[in-house]
Every structure is written in C-alpha cells, then in structure tokens.
Amino acid sequence: MVKIILASGSDIRAKMLRNAGAVFEVIKPRIDEDMIRDALLAEGASPRDIADTLAEMKARKVSEKHPDALVIGSDQVLDHAGTLYSKPKDRADAKTQLRALSGAKHQLLSAAVICENGKPLWRHIGVVRMQMRDISDTYLDAYLTRNWESIRHSVGGYKLEEEGVRLFSRVDGDYFTVLGMPLLELLSYLSLRGDLET
C-alpha cells in the first residue's frame, strides 16, 4: 500500500485518522496561512475557495518533497454572514468572535485535498450549519477562563467535543466536519483506491 502523509499540525485531525485505523505519517507544511488567506480575501475569494486553496497548498507543499506518497491537506474556515473567522489571536479576540456569533447562524467549511507527485487527485469540502445560543457576558467570561488553553487554536473559539457544545442550540451536518476534516468522504476515497483495508 502507498504511504500516506497528513500535512497538518492539527492534533485533532491526526487523532481522527488514527482512531479510524489509518496508518500515516505527519509532516507539518511550512506555509504562511495568514498571508495566503489575506491575499485570497483581498481578491474577493469565497470562504469555500479559501478553505479549498489552503488545504491544497498544504498537501502540495509536502507532496512535492514526497512524490510517491498520498498527502492529505486540510483546512477549516468559519463563515459568518460573509465574514471569515480564523483562530483567535488572543483571548480578547476570542471574546469578540463569540460575542458576534452569539444568537446567530454560521457555517463551518472543512476542506480536504489529496495530492500525489505534487498534483491534486481528490478534494472535498464539508459544510456544517451551526446555530449558536444567546450567550450572556457572564457565561462567556467564565467559559473563556475555563477553556482558553484548549480553544485558543480553534476556529471560532470553541470545540464542539468539549464545553463548546453548550454554546449551540442546533448543528446541521457531519460531526467530523465540525472537528476539522470531512473524514467519512476521505476514508471512502482511500478505501476505494485500496489504500485502506476494507
């Protein structure tokens, strides 16, 4: 079977693949995500295109150095009424983001791209629609105090698999996509290719 590489520094993406029984290596790509995201936003790119482009760039960067492997790149963005949210810069930024999301709907878009020999072979973008409850300032401050170390690297400032689930009244879509990768579609593709035991 072909070697599989996850081009990501995300612990949760690696954990999802590991829990699914996939055998892979992790190599963190060296790309300036903020610069690429800002350039794409300046060009008027959609949140969907931004997630897809970042996922592809991560996979392509590692794939060029490991041409015989299947390299998985993944990225997640949060779209709130046309505004793109990233990982919060600091606790104050997390509070600003969560305050804006309180009582409103937003979308999480998780893209995955597989490259081989520096070229994309497969891509998928999962979309989840999220409805956040109205959050009081008192609860929000307490939530950030309890959870900041865990959520500081999470788009939107929450983790659905932890206390962040209490922020929501409705979630429409795939759980793995919320966690940051369209896992079911990815595993299906690798299984159909014969790169995972079925």
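All of these numbers come straight from a predicted model, not from anything done at the bench. Residues: numbered from 1 along the sequence shown.
We find that Lys61 and Glu64 are not joined by a salt bridge, their nearest charged nitrogen and carboxylate oxygen being 4.0 Å or further apart. Remark: Asp141 engages Lys95 in a salt bridge, criterion side-chain N to carboxylate O under 4.0 Å. Under 4.0 Å is where a charged nitrogen must lie from a carboxylate oxygen, and between Asp52 and Arg123 at least one such pair does. Taking a cutoff of 4.0 Å between a charged side-chain nitrogen and a carboxylate oxygen, Asp93 and Arg91 do not qualify as a salt bridge. A salt bridge links Arg99 to Asp137: at least one charged side-chain nitrogen sits closer than 4.0 Å to a carboxylate oxygen.
Using a 4.5 Å cut-off between side-chain heavy atoms of Ile, Leu, Val, Met, Phe, Trp and Tyr, with links allowed through other members, Leu160 and Val128 fall into the same hydrophobic cluster. Note: the hydrophobic cluster containing Leu17 also contains Leu121 (ILVMFWY, side chain heavy atoms under 4.5 Å, direct or indirect links). Cluster membership check: Val62 does not share its hydrophobic cluster with Val113, using side-chain heavy-atom separations under 4.5 Å among Ile, Leu, Val, Met, Phe, Trp and Tyr. Transitive grouping of hydrophobic side chains (ILVMFWY, heavy atoms separated by less than 4.5 Å) brings Met130 and Tyr143 into a common cluster. There is no path of hydrophobic side-chain contacts, each under 4.5 Å, that joins Ile114 to Met57.
Of all heavy-atom pairs between Ala7 and Lys58, the closest is CB-O, 3.6 Å. The shortest non-hydrogen separation linking Leu101 to Met132 is O-CB, 3.4 Å. The two residues Val2 and Asp68 make their nearest non-hydrogen contact at CG2-O, 3.1 Å. Residues Val77 and Pro47 come closest through the heavy atom pair CG2-O, 3.5 Å. The heavy-atom pair separating Ala69 from Ile5 by the smallest distance is CB-CD1, 3.7 Å. The two atoms that bring Ala111 and Pro182 nearest to each other are C-CD, 4.2 Å, heavy atoms only.
When side chains are defined from C-beta on, Leu186 counts as touching Trp122, because their heavy atoms get closer than 4.5 Å. Using a 4.5 Å heavy-atom threshold, the side chains of Gln131 and Val171 count as separate. Side-chain atoms of Asp32 and Asp34, non-hydrogen and from C-beta on, do get closer than 4.5 Å to each other. Between Thr177 and Leu108 there is no side-chain heavy-atom pair separated by less than 4.5 Å. Inter-residue side-chain proximity for Leu41 and Ile50 is flagged as met; some heavy-atom pair is nearer than 4.5 Å. Residues Ile27 and Val71 form no side-chain contact, since every pair of their non-hydrogen atoms from C-beta on lies 4.5 Å or further apart. Contact check for Leu196 versus Leu187: side-chain heavy atoms found under the 4.5 Å cut-off. Side-chain contact between Val23 and Ile4: absent, with no pair of heavy atoms (C-beta onward) separated by less than 4.5 Å.
No side-chain donor-acceptor contact under 3.5 Å links Arg129 to the backbone of Asp172. One N or O on the side chain of Arg13 and one on the backbone of Gly180 form a donor-acceptor pair closer than 3.5 Å. When atom types are taken as modelled, the side chain of Ser110 and the backbone of Gly126 share no donor-acceptor pair closer than 3.5 angstrom. No donor-acceptor pair closer than 3.5 Å links the side chain of Ser74 to the backbone N or O of Ser8. A distance-only check finds a donor-acceptor pair linking the side chain of Thr96 to the backbone of Ala92 [under 3.5 Å]. The backbone N or O of Leu98 lies less than 3.5 Å from no partner atom in the side chain of Ser102, so there is not a single donor-acceptor pair. A distance-only check finds a donor-acceptor pair linking the side chain of Lys159 to the backbone of Ser150 [under 3.5 Å]. Between the Ser154 side chain and the Gly157 main chain, no donor and acceptor come within less than 3.5 Å of each other. Between the side chain of Glu185 and the backbone N or O of Ile125 there is no donor-acceptor pair closer than 3.5 Å. A side-chain donor-acceptor contact under 3.5 Å links Gln97 to the backbone of Ser86.
To the nearest 0.5 Å, the span separating CG on Asp195 from NZ on Lys3 amounts to 14.0 Å. For the atom pair OG (Ser10) and CG (Leu179), the distance works out to 9.0 Å, reported to the nearest 0.5 Å. Here the CE atom belonging to Met181 is positioned 11.0 Å from the CG atom belonging to Asp174, to the nearest 0.5 angstrom. Atoms CG and CG, from Leu6 and Leu70 in turn, are 12.5 Å apart once rounded to the nearest 0.5 Å. Taken from CD in Glu56 to NZ in Lys119, the straight-line distance is 11.5 Å, to the nearest 0.5 Å. With rounding to the nearest 0.5 Å, the separation of CD1 in Ile151 from CG in Leu144 is 5.0 Å.
Ring geometry, Tyr85 versus His80: the interplanar angle exceeds 60°, so the pair is classed perpendicular (tilted spans 30 to 60°).
For Phe24, the ring-ring contact (aromatic ring centres under 6.0 Å, His included) test picks out no residue, with sequence neighbours left out.
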Open item on the list: Applying salt bridge (charged side-chain N to carboxylate O under 4.0 Å, His left out) to Arg152 and Glu149, what does each step give before you reach the verdict?
Closed with: CA-CA 6 Å; Arg152 63 189 308 165; Glu149 283 308 314; 3.1 Å; yes

Task: side-chain contact (heavy atoms from CB on, under 4.5 Å) assessment of His153 paired with Asp11 - done: CA-CA 10 Å; His153 301 298; Asp11 292 338; over 6 Å; no

TODO: Give the C-alpha distance, both sets of side-chain angles, the deciding distance and a yes or no for ring-ring contact (aromatic ring centres under 6.0 Å, His included) between Phe168 and Tyr158.
DONE: CA-CA 10 Å; Phe168 293 91; Tyr158 60 81; 4.8 Å; yes

Open item on the list: As a quick check of understanding, evaluate side-chain contact (heavy atoms from CB on, under 4.5 Å) for Leu54 and Arg37, giving each step before the final call.
Closed with: CA-CA 8 Å; Leu54 284 165; Arg37 188 179 289 110; 3.6 Å; yes

